[in-house]
Amino acid sequence: MSQITLTFPDGNSKQVDAGITPAEVAQGIAPSLAKKAISATVNGAHYDLQWPITDDAAIAINTMQDDAPALELIRHDLAHIMARAVQAIWPDVKVTIGPVRDFGWFYDFDREEPFTPEDLGEIEAKMKEIINARDAVTTEVWSRADAIAHYEKTGEPYKIELINRIPEGEDLRMYWHGDWQDLCRGPHLQSTGQVPADAFKLTHVAGAYWLGDSSRPMLQRIYGVGFRNRNDLKAHMTMLEEAAKRDHRKLGREMDLYHMQEEAPGQVFWHPNGWTIYTELQDYMRRKQRANGYVEVNTPQVVDRKLWEASGHWEKYQDHMFIVEVDEEHAREKAVNALKPMNCPCHVQIFNQGLKSYRDLPLRMAEFGSCNRYEPSGALHGIMRVRGFTQDDGHIFCAEDQIESETLRYIEFLSGIYHDLGFENFKVKFSDRPETRAGSDEVWDKAEEALLSATRKAGIEPQLNPGEGAFYGPKLEFVLTDAIGRDWQCGTHQVDFVLPERLDATYIGADGEKHRPVMLHRATLGSFERFIGILIEEHAGKLPIWLAPRQVVVASIVSDTDDYCREVVTALKAAGVRAEADLRNEKINYKVREHSLAKVPYILACGMKEVEERTVSVRRLGEKQTFGSSLEDIVARLGREATPPDLRRD
RNA sequence: GCCGCACUAGCUCAGCUGGUAGAGCAUCGCAUUCGUAAUGCGGAGGUCAGGGGUUCGAAUCCCUUGUGCGGCACCA
């Protein structure tokens, strides 16, 4: 038998027979290690202890002390154990796939009856039984024919479909957890007994399409979370509870920002408090855009279908548009219009007015464009995914050789804004050409290269989102995360070669000939609705003072201070601060509690002492300690703090 | 749109196997003038999401519509 060389993490190496398994390697080092071992890392790949090693390799034996492999294996084995438990209780249930995900795993089943919360309890109990039985986990490579024959016999059509999708020539691996078997690429633990029996929980059931395809059957997906020990599980549950407190839907009600109601699903009724945030953000964006060389425009809400047909949206998105038909009795002719779902076709109309020169490019056109999209009912989510929204939209009309510099300029613009708004960490995803697309490969090459190069020049290495670009060009997505870790695309920057063509936009080049401009679609906040939702969750409602709808409450302690409180409010307002007096006949404790819960950044309490000294007692949100300040100082200080970041002088 | 679950006072929630609706907070009134997260007492407030059915009787059981929630699919 041939020999191979294994190199260990400490740098030592050893000659062994080819085909040795990590389990045997561990046994050779120490029987105690072999017992504790859960898997191996072989040349950087995660290896099952039972897989043979055939060539020279760097090897490390993993134990439960190694975070990443331990969690992956625990969750993966839990997925199998759960599927085994389900089939033990309901033998007719068909199994499909069950990958590791986030803090746990899920497994999709095909079963007539829905799983109930009680079922989850029963499954959990069965899983604990399986874990406590400490069954060995074993594996073998099977032939395709044997695997298909096996699943035909046991009646698992989904598994057969999976096998048929695995590329010819790739090994099919079968795993046994005791007497239950599943097709799986592994790796797995040595025994079900290595899974902590008290550190997992089945969290919820949900529908999911087979293979993620909405034309295929809807399966039942059970989600679970799993950890190395009970404390980690508890910490995770606590984290979820904390996150729920940051939910913008809960805070939106508590802070009286907005409401929604049945008659206008997916549309926001902004209350004075919420609208203050909105307009403050909009004013800020308007100043930033103006300073960055944009011209602002405004375009119609209701536009004839002819324009949408020309732009191509009618064909592709008609079902997602609000259609408005005007009756003949009220109009000269029957007209079919749509509420605009986006602003770009209208912006091209403005571009097309008059003859444009290459000297006009790049032309940066911005609009706070109100759009309506008939989003599928199941997609609606608070104010983050709505049917009526306003984008901080913009289109840059430029020449092809300006794409890169305009992209870089935009990324820097966006980064500055995200920084001002408290988002230091955001993901940048780069979506390249999809399978069905418009334009030549040569043009796509150039556009993708320009976006990537600009992103890297901005010091960002984007995550690749293969094939997810729009049909008309590649895009960059700027992604923020909500309270419970769900990603939301906010900013976007897309190259478009198609729309200028379809709507016949041209400019006269230096050569005196007509040329097609390229359009860059870009939005920084995305929509005000979604961005405000994210902002609330990011700050847990404690917005930066310049965005806080109610910035200061001046609270009287006794009614003899009322006049003084009014004077303080007047002084603050004159300094540009949103201040109000709370002169109600309530105890200061009551007022502090109420305004703290309402997330007001500053409470200024005034008793007779403050009146006599012309001071205030300052309490900042989230701090127990108060401090005294002269009236003059606090007005100057709060006036400064409440200034939007782009207007600050210090 | 699809699967599942939910909908009771402005808010948060009780209401067992069907017997005719309840609490706390908020609101309103009265008293209280008080030093940094809830002062006391009293009053008012509900077609139990809408519609239909079963039943002597429905918040409770069934059907249906709507909205919301958790996923999936979608996101120009």
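A distance of about 50 Å separates the P atoms of B:rG1 and B:rG42, rounded to the whole Å. Taking atom P on both B:rU60 and B:rG53, the two are 14 Å apart, rounded to the nearest angstrom. On the P atoms, B:rA59 is 24 Å away from B:rG66, given to the nearest whole Å. For the P atom pair drawn from B:rC2 and B:rC25, the interatomic distance equals 44 Å after rounding to whole Å. Here the separation of B:rU55 from B:rC62, taken at their C1' atoms, is 12 Å to the nearest Å. Using P as the reference atom, B:rA9 and B:rG46 are 11 Å apart when rounded to the nearest Å. Taking atom C1' on both B:rU8 and B:rC48, the two are 4 Å apart, rounded to the nearest angstrom. The same atom, P, is picked in B:rC61 and in B:rA23; the two are 24 Å apart, to the nearest Å.
One can place NZ of A:Lys542 at 14 Å from P of B:rA37, the figure rounded to the nearest angstrom. One can place CG of A:Leu219 at 13 Å from P of B:rG4, the figure rounded to the nearest angstrom. Here the C1' atom of nucleotide B:rC2 and the CG atom of A:Asp108 are 14 Å apart, to the nearest Å.
Evaluation of atom-type donor-acceptor distances gives a pair under 3.5 Å for the side chain of A:Glu610 against the base of B:rG35. Residue A:Ser559 places a side-chain atom within donor-acceptor reach of the base of B:rU33, judged by atom type and a 3.5 Å distance cut-off alone.
Relative orientation of the A:His248 and A:Tyr258 rings is parallel, given thresholds of 30° and 60° on the angle between their planes.
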For nucleotides 45-52 of chain B, which of its nitrogen or oxygen atoms have a protein nitrogen or oxygen under 3.5 Å away, and what is each distance?
none

Every protein N/O lying under 3.5 Å from an N/O of nucleotides 12-14 of chain B:
residue : atom : partner  : partner atom : Å
B:rU12  : OP1  : A:Arg253 : NH2          : 2.9

Measure all distances between protein nitrogen or oxygen atoms and nitrogen or oxygen atoms of nucleotides 23-27 of chain B, and list the pairs falling under 3.5 Å.
residue : atom : partner  : partner atom : Å
B:rA26  : OP1  : A:Tyr590 : OH           : 3.1

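Looking at A:Trp308 and A:Glu315, their side chains never bring a donor and an acceptor atom within 3.5 Å of each other. For the 3.5 Å distance criterion, the side chains of A:Tyr374 and A:Asp319 fail to qualify, holding no donor opposite an acceptor.
Nucleic acid contact for A:Met260: none, since no nucleic acid atom lies under 4.0 Å from a heavy atom of the residue. Nucleic acid contact class of A:Lys624 (heavy atoms, under 4.0 Å, all strands): sugar-phosphate only. Base engagement by A:Glu586 is indicated by at least one non-hydrogen atom pair under 4.0 Å involving a base atom. Note on A:Leu597: a base of the nucleic acid sits closer than 4.0 angstrom, heavy atoms only.
By the 6.0 Å and 45° rule, A:Arg221 stacks over the aromatic ring of A:Phe106. A cation-pi contact, defined as under 6.0 Å to the ring centre and within 45° of the axis, is absent between A:Arg373 and A:Phe322.
In this structure, A:Lys587 does not reach the B:rA38 phosphate: none of its side-chain N or O atoms is under 4.0 Å from OP1 or OP2. The side chain of A:Asn589 places no N or O atom within less than 4.0 Å of a non-bridging phosphate oxygen (OP1 or OP2) of B:rU36.
Residues A:Arg522 and A:Asp393 are not paired through a salt bridge, judged by the lack of any N-O separation under 4.0 Å between the basic side chain and the carboxylate. Between A:Arg486 and A:Asp482, at least one side-chain N (NZ, or NE/NH1/NH2) sits under 4.0 Å from a carboxylate O, which counts as a salt bridge. The existence of a salt bridge linking A:Asp487 and A:Lys427 is confirmed by a sub-4.0 Å separation between a basic side-chain nitrogen and an acidic carboxylate oxygen. Salt-bridge formation is not detected for the pair A:Glu529/A:Arg385: no Lys NZ or Arg NE/NH1/NH2 atom is positioned less than 4.0 Å from an Asp or Glu carboxylate oxygen. The pair A:Glu254-A:Lys250 meets the salt-bridge criterion, since a charged nitrogen lies less than 4.0 angstrom from a carboxylate oxygen.
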Quiz item: Between A:His204 and A:Phe115, is a side-chain contact (heavy atoms from CB on, under 4.5 Å) present by the stated rule, with each step listed?
Solution: CA-CA 10 Å; A:His204 56 287; A:Phe115 288 109; over 6 Å; no
Practice problem: Decide side chain to side chain donor-acceptor pair (under 3.5 Å) for A:Glu367 and A:His347; before the verdict, give the C-alpha distance in whole Å, the side-chain angles of both, and the deciding distance to 0.1 Å. | Solution: CA-CA 9 Å; A:Glu367 175 175 3; A:His347 288 185; 2.7 Å; yes
Quiz item: Can you check ring pair (Phe, Tyr, Trp, His ring centres under 6.0 Å) on A:His80 and A:Trp105, steps first, answer last?
Solution: CA-CA 10 Å; A:His80 280 235; A:Trp105 75 93; over 10 Å; no
Self-check item: Dot-bracket notation for RNA chain B, counting Watson-Crick and G-U pairs under 3.5 Å, with | for partners on another strand
Solution: (((((((..((((.....[..))))..((((.......))))......(((((..]....))))))))))))....
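Residue A:Thr116 is the one, among A:Leu621 and A:Thr116, whose nearest nucleotide of RNA chain B lies closer to the 5' end (criterion: closest heavy atom).
Remark: A:Tyr472 pairs with A:His521 by the ring pair (Phe, Tyr, Trp, His ring centres under 6.0 Å) rule, at least two apart or across chains.
Remark: of the listed residues A:Arg433, A:Arg437, A:Lys475, A:Arg433 is the sole one forming a salt bridge (charged side-chain N to carboxylate O under 4.0 Å, His left out) with A:Glu448.
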Quiz item: Once each nucleotide of nucleotides 69-76 of chain B is scored for protein heavy atoms under 4.0 Å, what B/S/- sequence comes out, 5' to 3'?
Solution: SBBBBBBB
